There are 2 protein chains.
Amino acid sequence: MFEQVKQTRVYQDVVEQIEEAILNGTLTTGEKLPAERELKETFSVSRGALREALRVLEQKRLIDIQLGAGGGAIVREVTPEVMMDGLSLLVRSQKVPLESLKEFRMDIEGNIARLAAERANAEDVARLQAILGLAKASLDNQEGWEAYVQADAQVHMTLARITGNTIYEYIQTAIHENINRYYAEFLEHDESVLCDHYQDLCNIVNAVADGDGERACDQMRLHLNRLGK
Amino acid sequence: MFEQVKQTRVYQDVVEQIEEAILNGTLTTGEKLPAERELKETFSVSRGALREALRVLEQKRLIDIQLGAGGGAIVREVTPEVMMDGLSLLVRSQKVPLESLKEFRMDIEGNIARLAAERANAEDVARLQAILGLAKASLDNQEGWEAYVQADAQVHMTLARITGNTIYEYIQTAIHENINRYYAEFLEHDESVLCDHYQDLCNIVNAVADGDGERACDQMRLHLNRLGK
DNA sequence: ATAGGTTTAATGGTTCAACCATTAGCTGGC
DNA sequence: GCCAGCTAATGGTTGAACCATTAAACCTAT
């Protein structure tokens with residue numbers, strides 16, 4: 001019947017007010033909030049409490065804070081980037097079974113590949129093939145895996161961008177920044193493995209070029225499944 | 001060639017040290033950190049700076065803070081829950097095209113339905129059918145849409161749980177807490193709409209009962225597509 | 001007049017000290 | 001043995017002071 005009285009902390013109230021103002025558009029991207037010493041009067045809180053609130057908003061990627069005269073809190077643009085921290089923590093904590101992460105990744109990147117295949121135009125395909133060219137060159141010239149890994153990442157990122165859905169773009173970034181970097185360390189560098197890997201990428205890009213979403217999805221999943229061991 | 005010198009703030013250093021300790025297991029779930037007045041000595045920072053660090057860690061869901069004697073910061077378990085805040089901000093900001101959100105949701109929930117169909121045992125199916133029974137009853141008895149909406153949410157959540165992948169479970173929660181709640185307000189309450197909606201749920205559950213992943217996925221996507229308008 | 005340095009003031013970053021509010025545990029009286 | 005009240009530990013909050021960084025105003029020498 002009754003709810004537990006929630007513990008109120010003044011900084012939380014400040015966070016909620018500013019957050020609400022940002023999300024509902026009262027505060028717009030790029031706008032500068034008043035100085036701390038002014039804000040603390042507005043909210044009638046101490047500077048310490050206000051600063052705790054600003055720390056939280058900064059952590060949420062809702063504001064940036066600039067130092068010096070004329071500095072202060074500036075409202076950031078809200079983008080799917082805000083989803084990256086969570087996934088990053090999840091991976092780094094290793095509290096979630098690797099299988100679950102792998103499954104999630106295969107589903108996400110499979111969908112990305114499918115959508116990319118359905119939506120890629122000639123220019124997109126050309127860009128993908130150019131990246132493949134670089135990858136092939138770095139393999140042939142024995143430039144080592146450094147350049148190759150970079151090319152691989154670019155293929156994945158480009159596919160995400162082709163979908164035109166920024167959510168996928170940022171999730172792909174988060175995956176690369178976390179999961180993939182982890183695997184990359186254990187990736188064997190011998191030639192046959194890299195060649196298989198390269199062939200996978202070719203298969204995916206070819207499917208995209210053909211506009212065959214299902215095949216692109218399947219090839220991507222095969223590719224990731226092989227990596228995951 | 002050179003990198004921009006990053007601005008160092010003492011609280012950030014404290015955050016990183018504690019975060020690292022939590023993620024690498026030096027600090028384990030449930031463990032209690034020393035009192036603020038002790039921690040500030042350990043890190044050689046002021047209590048204000050330390051508290052800013054604790055606010056950030058709290059926001060990241062890495063610690064809980066208890067009040068009173070014997071209170072203090074307690075290390076939380078890291079779960080996919082940490083991903084919810086980002087998605088929540090994204091939806092509330094309305095800065096991301098509804099189409100993108102809808103597409104993302106259809107892909108995620110489609111995958112959930114497919115996995116659930118592939119993995120559901122007899123008990124799972126029985127649970128789903130029981131929920132459908134409640135939904136049907138609330139429709140027949142004209143109990144209004146309140147009970148029905150709740151049953152609908154339970155179907156989605158149960159499917160996510162059946163996948164056995166906690167990432168999907170939490171993403172589904174985030175979706176329900178944000179996207180779905182938004183749509184629910186605009187859902188028409190007239191009988192024919194609700195009946196169509198109910199029929200969708202039946203189709204999905206039937207596909208799951210048959211172990212037909214593809215059909216479950218398709219039905220789920222159809223269902224969501226109809227809602228999105 | 002302009003280039004270049006210097007001063008000034010605004011502003012975030014940090015610290016310290018004090019006090020309040022909540023809570024767990026102890027203590028003493030019944 | 002139990003309950004009331006006291007005590008101390010601990011997070012919550014405040015105010016004041018000072019430091020570090022930055023932008024803008026202000027000189028000064030050529």
Side-chain angles (χ1 to χ4, degrees), chain A residues 2-19 21-22 27-76, chain B residues 2-19 21-22 27-76:
Chain A
F2 295 116
E3 292 180 6
Q4 184 171 343
V5 175
K6 87 169 177 186
Q7 166 183 175
T8 68
R9 293 191 279 189
V10 294
Y11 91 86
Q12 192 61 33
D13 194 22
V14 175
V15 167
E16 279 161 18
Q17 287 195 49
I18 298 180
E19 180 173 324
I22 292 176
L27 290 172
T28 59
T29 298
E31 194 166 344
K32 183 167 145 319
L33 274 65
E36 287 184 358
R37 291 165 178 84
E38 193 174 337
L39 271 180
K40 95 185 166 82
E41 301 296 333
T42 306
F43 289 109
S44 293
V45 299
S46 72
R47 209 177 146 207
L50 175 68
R51 283 175 56 82
E52 289 183 16
L54 294 179
R55 285 293 86 73
V56 170
L57 291 167
E58 196 179 24
Q59 160 62 30
K60 284 189 168 193
R61 299 183 189 248
L62 289 174
I63 61 173
D64 268 338
I65 293 183
Q66 291 180 353
L67 198 57
I74 301 204
V75 178
R76 292 183 64 171
Chain B
F2 295 116
E3 292 180 6
Q4 186 170 343
V5 175
K6 90 170 176 185
Q7 164 182 172
T8 68
R9 292 191 279 191
V10 295
Y11 91 86
Q12 192 61 33
D13 193 22
V14 175
V15 167
E16 279 162 17
Q17 286 194 49
I18 298 180
E19 180 173 323
I22 292 176
L27 289 171
T28 59
T29 299
E31 195 167 342
K32 184 167 144 320
L33 273 65
E36 286 185 1
R37 290 166 178 82
E38 193 174 337
L39 271 181
K40 96 186 163 81
E41 301 296 334
T42 305
F43 289 107
S44 292
V45 299
S46 72
R47 211 178 144 206
L50 175 68
R51 283 174 57 81
E52 289 183 16
L54 293 179
R55 285 293 86 73
V56 169
L57 291 167
E58 195 179 24
Q59 160 62 31
K60 284 189 168 192
R61 301 186 190 246
L62 288 173
I63 60 173
D64 267 338
I65 292 182
Q66 291 181 353
L67 198 56
I74 301 205
V75 178
R76 292 184 64 171

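Side chains included, hydrogens not; waters and symmetry mates left out as well; all remaining heavy atoms used. Every chain is numbered from 1 and lettered A, B, ... according to where its sequence line falls, protein lines coming before strand lines. Keep in mind that what you see is a predicted model, and the values were worked out from it rather than measured.
Computed from coordinates, the L50(A) CG to dT13(D) C1' distance equals 13 Å when rounded to whole Å. dG11(D) atom C1' lies 9 Å from atom CZ of R9(A), rounded to whole Å. When the C1' atom of dG12(C) is taken as reference, atom CD1 of I74(A) falls 13 Å away, rounded to whole Å. In this structure, the CD atom of E52(A) is 10 Å from the P atom of dT14(D), given to the nearest Å. Between the CD atom of Q12(B) and the C1' atom of dT14(C) there is a distance of 15 Å, given to the nearest Å. dT13(D) atom P lies 15 Å from atom NZ of K40(A), rounded to whole Å. We find that CD of Q66(A) is positioned 15 Å from C1' of dG13(C), with the value rounded to whole Å. In this structure, D13(B) places its CG atom 10 Å from P of dT14(C), rounding to the nearest Å.
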After noting the C-alpha distance and the side-chain angles of R55(B) and E52(B), does the key distance pass the salt bridge (charged side-chain N to carboxylate O under 4.0 Å, His left out) rule?
CA-CA 5 Å; R55(B) 285 293 86 73; E52(B) 289 183 16; over 6 Å; no

ask   = Are E36(B) and L54(B) close enough, and set up right, to give a side chain to side chain contact (heavy atoms under 4.5 Å, CB included), and what steps lead you there?
value = CA-CA 9 Å; E36(B) 286 185 1; L54(B) 293 179; 3.9 Å; yes

| Check against side chain to side chain contact (heavy atoms under 4.5 Å, CB included), I22(B) and I63(B) | CA-CA 9 Å; I22(B) 292 176; I63(B) 60 173; 4.0 Å; yes

ask   = Checking side chain to side chain contact (heavy atoms under 4.5 Å, CB included) for the pair V75(A)/L33(A): CA distance, chi angles, key distance, verdict?
value = CA-CA 8 Å; V75(A) 178; L33(A) 274 65; 3.7 Å; yes

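Among the heavy atoms of the strands, none lies under 4.0 Å from L54(A).
Between Q7(B) and the phosphate of dG13(C), there is a side-chain N or O to OP1/OP2 separation shorter than 4.0 Å. Phosphate contact (OP1/OP2 of dG13(C), side-chain N/O of R51(A), threshold under 4.0 Å): present.
On a pure distance criterion of 3.5 Å, no polar donor-acceptor pair joins the side chain of R55(A) and the base of dG13(C).
Candidate nucleotides dA23(D), dG11(D), dG13(C) were compared by shortest atom distance to the side chain of R37(B), and dG11(D) ranks first. Distances from the side chain of I65(A) to the nucleotides dG13(C), dT10(D), dA18(C) place dG13(C) closest. With distances taken from any side-chain atom of A69(B) to the nucleotides dT13(D), dG13(C), dT23(C), the minimum falls on dT23(C).
Two residues, S46(A) and E38(B), neighbour DNA chain D, and the one matched to the more 5' nucleotide by heavy-atom proximity is E38(B). Sequence order on DNA chain D of the closest nucleotides to G72(B) and L67(A) puts G72(B) first from the 5' end.
Shortest non-hydrogen contact noted between K40(A) and L50(A) is N-CD2, 3.7 Å.
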